[in-house]
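Reviewing the structure listed below.
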2 protein chains.
Amino acid sequence: MTKQLPFYETLDLTLCGNMGRVHRLCREVVTIAVEPLGLTQSRWTTLVHVNMLQEGVTQLELAHSLGIEMPSLTRTLKQLEESLLIVRKVDQQDRRSKRIYFTEQGRNVLSTLQEKIADIKDQLYHGLSHEQLDIMAYGLVKMEENAKKSIIQSTIGENLNDT
Amino acid sequence: MTKQLPFYETLDLTLCGNMGRVHRLCREVVTIAVEPLGLTQSRWTTLVHVNMLQEGVTQLELAHSLGIEMPSLTRTLKQLEESLLIVRKVDQQDRRSKRIYFTEQGRNVLSTLQEKIADIKDQLYHGLSHEQLDIMAYGLVKMEENAKKSIIQSTIGENLNDT
DNA sequence: TTAATATAGTTAGCTTGCTAAGTAAATAGA
DNA sequence: TCTATTTACTTAGCAAGCTAACTATATTAA
């Protein structure tokens, strides 16, 4: 009833391609839903994470939470600031870092956004049990660990070649 | 032993972000490994799919298999052709379509590529059972279906507004 | 047979990830 | 205290996904 496809075999050929495709599709679903708010994928994701980590978060903390690099975040924050949804304030304790705050308008957009996301979540996970979703989460975390380990080892290999 | 994270809760906030991150990381692992071959992610993925669907496949069939749109594929094929790994021949039965074939050099690259991918697959799936991987596959397929259904419904909604 | 529509592929330009290299502020060492 | 290094962020430009709009060929209908 639950199993269906030989994942191990399927991915033998396409590796992580399936994940990329599903990711693009899910992203598209949300983007269609939030289009009236003038939000693209990177913008709505960023708003959700700012709220999750609390206002006043630094850009570095935010980038880490989103799993993206600083330059990618810089661009998105610039766009959000231009749309008057957030403001960036220099931290007076450490004037290198900037902290993110919502504007009034930003908070309104966030609350509409969260309602829409809740609806979509139900649609996307339809037909999957909490148990199955937990196993998927475990698998994703495991693969992320494995990938990072592998990347680190490649980097060490490079450095050895330098000497 | 297997479960660990509350996926359902985690994704409540970040939705498909986890998938995107894991996808980017896995892609990076392969890209590092195949860099000596001068292949980027889109190029090696395309080579693997051409081989999977057999030489002589049309661009449309290939795009569908890769889960990407034609313009994305056009660019990648152009690069692969410039690197002398494939050739595109106009189908004489239907002169609109083009069929893809490997060059001698392309076949050599493919075989090295496949060895490397097999190694990486083992690394990335390390610590996951076939059963867990099957559940992940099922979940991905299910989410893909759900997402497509949702996108179709949005499109219908748009058309109704037009009348 | 000719005009209208559909299909395969291309081109142009957007989004959002990335790395490399730069600036300005903070910290460590001489 | 003054220089050197590290850190937070920015800028510039590449990679690879996308849509919209184009060309050329094939099909369908008048």
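Per chain, numbering begins at 1; letters A, B, ... match sequence-line order.
Look at NE2 on H64(A): it is 14 Å from P on dC9(D), rounded to the nearest Å. When rounded to the nearest whole Å, the span between CG of L60(A) and P of dC9(D) equals 6 Å. Spacing between atom CG of L66(B) and atom C1' of dG9(C) amounts to 16 Å, rounded to whole angstrom units. Distance NZ (K89(B)) to C1' (dA8(C)): 19 Å, rounded to an integer number of Å. Between the C1' atom of dT10(D) and the CG atom of L62(A) lies a distance of 16 Å, rounded to the nearest Å. Taking atom CD1 of I86(A) as the reference point, atom P of dC9(D) lies 12 Å away to the nearest angstrom. What separates CG of L77(A) from P of dT11(D) is a distance of 12 Å, to the nearest Å. One interatomic measurement links the two molecules: CD1 of I151(A) to P of dC18(C), which rounds to 11 Å at whole-angstrom precision.
Using a 4.0 Å cut-off between a side-chain N of Lys or Arg and a carboxylate O of Asp or Glu, R107(A) and E55(A) qualify as a salt bridge.
The side chain of K78(B) has dT11(C) as its nearest neighbour among dT10(D), dT11(C), dA8(C).
The side-chain heavy atoms of L25(A) and M143(B), taken from C-beta on, include no pair separated by under 4.5 Å. At a threshold of 4.5 Å between non-hydrogen side-chain atoms, the residues T103(B) and I86(B) do not count as touching. Under the 4.5 Å side-chain criterion, counting only non-hydrogen atoms from C-beta, L37(A) is not in contact with W44(A). You'll find the side chain of Q114(A) reaches within 4.5 Å of the side chain of L110(A), heavy atoms only.
Taking K149(B) as the reference, N146(B) meet the side-chain contact (heavy atoms from CB on, under 4.5 Å) condition, with sequence neighbours excluded.
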Protein within reach of the bases, or only the backbone? For nucleotides 13-26 of chain D, mark each nucleotide 5' to 3' as B, S or -, using heavy atoms under 4.0 Å. ---BBBBB----BS
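Nucleic acid contact class of S97(A) (heavy atoms, under 4.0 Å, all strands): sugar-phosphate only.
Using modelled atom types, one finds no donor on one side chain facing an acceptor on the other under 3.5 Å when comparing Q41(A) with T31(A).
OP1 or OP2 of dT10(C) lies within a sub-4.0 Å distance of a side-chain N or O belonging to R88(B).
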